[in-house]
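Worksheet for the structure shown next.
Convention: sequence-line order gives letters A, B, ...; per-chain numbering from 1. Any value given below was found using the heavy atoms of this structure, including those in side chains, with hydrogens, waters and symmetry copies removed.
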Protein chains: 2
Amino acid sequence: MKHHDLILKNIAKHITLEKEETTYFLSLLESKTVKSKAYILKESESCQYLNFVNSGTLRAYFLNKQGKEWTIMFALKDWWVTDMHCFVKEQPAMLNIVATEKTEILRISKINLDLLFTEVPKFERFFRILFQNAYIREQVRVIQNLSLTAAERYEKFLAKYPQTIQQVTQKQIASYLGITPEFLSIIRNRRAKA
Amino acid sequence: MKHHDLILKNIAKHITLEKEETTYFLSLLESKTVKSKAYILKESESCQYLNFVNSGTLRAYFLNKQGKEWTIMFALKDWWVTDMHCFVKEQPAMLNIVATEKTEILRISKINLDLLFTEVPKFERFFRILFQNAYIREQVRVIQNLSLTAAERYEKFLAKYPQTIQQVTQKQIASYLGITPEFLSIIRNRRAKA
DNA sequence: CTGATTTCTTAAACTACATTAATGGTTTTG
DNA sequence: CAAAACCATTAATGTAGTTTAAGAAATCAG
């Protein structure tokens, strides 16, 4: 499997590209290998890239004033990820993005993405659909965070994410669910007994 | 002020339309007046329209199994709102959308929106930017719900929403913040004393 | 391979927020 | 305009989830 087959398949889900468009698009990408535990973005840095995960897993998290980590998303293979707020508004990053295992990404700079929108307007459609889905997902998460207990959110998490996330620690799952690792441990214990 | 001046200004924030494009776009809209407390969408109905608030305020909320309401968003004048999940995937609505005061909306059906994307591809760009911003907003809300206390979230709410929302009750604000009206009352009391 | 660091678990004490219930105020409706 | 329904507030009591701490298990660095 060539190293950009996956991203082309991802795009083909929503738009159909001509050969030259494909070539042009690929010419705007950079590929990068990220070691396990290496960061591709740190808080307060500038956030120039939109990243596509070709293999591996990235984790995006927010660090609050008290120094607690809150996981915003796990980006598995075939996902797009960046600190969107900072990417779009060209402001210092609020999020940290780190590899939970060896990860290969394809990334496009903001400059090149803007160029792409001008040169191949079809991509406006692609990203319109992508953001539409992202918006829906976040809204569902807001609803679930408001209306479900921690134990129920944990069940949803297990259902949503495949075992693929083996590298992910309990601590990180807890920080995604909005609870402490200690309480997740209790939930898991109760669950195992039931 | 003509009744579609506001929506055209809203669109002009991100794209520039030719005269015929404007005319065509307007031809796809329906305008509607919604009485205070009337619903434009109820759970389990089909959700055919994307709505623009021309004046007034709408409130979108989710009703959980226990019969509790959780407010997803207040859509003020100049906002777009629908149950996006159900609009996009053509599934029965999960949300209820109700007017908190007399409200005028302009709405476009899914069929017409798809037509609009084909006929005036510029709108792909417009909605790409709209969804991008919506995604960012929801993600910020997820972060705040995870990392802030109820009292802190209330401060953010006050800062974010203008007094415009006079018609909104404490109960509704509480359901937006993810707390009970009783606890919001305590927060307001403490705040007044401080 | 070994000591050091990090992770997971358990438990006791604590706190933010929920529940229930009662009261007075406001809005809705016939 | 009166009765009904709903809303905001206060207070007592209850609970989901946190904090702190400590030990056992896993992972990491040299």
Phosphate oxygens OP1/OP2 of C:dA18: is one of them under 4.0 Å from a side-chain N or O of B:T180? yes
Between CD of B:Q66 and P of C:dT20 the distance, given in whole Å, is 12 Å
Can you tell me if the side-chain N/O atoms of A:R188 get under 4.0 Å from OP1 or OP2 in C:dT9? yes
The nucleotide from C:dT7, D:dT18, D:dA8 with an atom nearest the side chain of B:K171 is D:dA8
Which whole-number value in Å describes the distance from B:I186 CD1 to D:dT9 C1'? 9 Å
Side-chain contact check for A:E182: nearest option of C:dT7, C:dA11, C:dC17 is C:dA11
So, OP1 or OP2 of C:dT28: does either fall under 4.0 Å of a side-chain N or O from B:K37? yes
Round to the nearest Å and state the distance from B:Q172 atom CD to C:dT26 atom P. 18 Å
Can you measure A:W70 atom CH2 to D:dG17 atom C1' for me and round it to whole angstrom units? 11 Å
Is the distance between the ring centroids of B:W70 and B:F62 under 6.0 Å? no
Integer-rounded Å distance: C:dA11 P and A:R190 CZ: 12 Å
Could you tell me how far apart A:L177 (CG) and D:dA16 (C1') are, to the nearest whole angstrom? 14 Å
Comparing B:S36 with B:R153, nearest DNA chain C nucleotide closer to 5' gives the residue B:R153
Among B:Y135, B:F87, B:F117, whose ring-ring contact (aromatic ring centres under 6.0 Å, His included) with B:F127 holds? B:F117
With the side chain counted from C-beta on, respond yes when A:V53 and A:T103 share a heavy-atom pair under 4.5 Å apart, and no when they do not. yes
Has B:N189 got a side-chain N or O lying under 4.0 Å from the OP1 or OP2 atom of D:dT10? yes
Closest approach to the side chain of A:A150, judged atom by atom: which nucleotide of D:dT9, D:dG17, C:dA18 is it? D:dG17
A:I179, nearest nucleotide to its side chain (from C:dT7, C:dA18, D:dG17): D:dG17
What is the distance, rounded to the nearest whole Å, between atom NZ of A:K68 and atom P of D:dT18? 7 Å
What I want to check is whether the side chains of A:W79 and A:N51 have a donor and an acceptor closer together than 3.5 Å. no
Parallel, tilted or perpendicular for A:F126 and A:F123, by the 30°/60° rule? perpendicular
Counting side-chain heavy atoms from CB outward, which of D:dT19, C:dC17, D:dG17 is closest to B:F183? C:dC17
B:I187 CD1 - C:dC17 C1' separation (whole Å): 9 Å
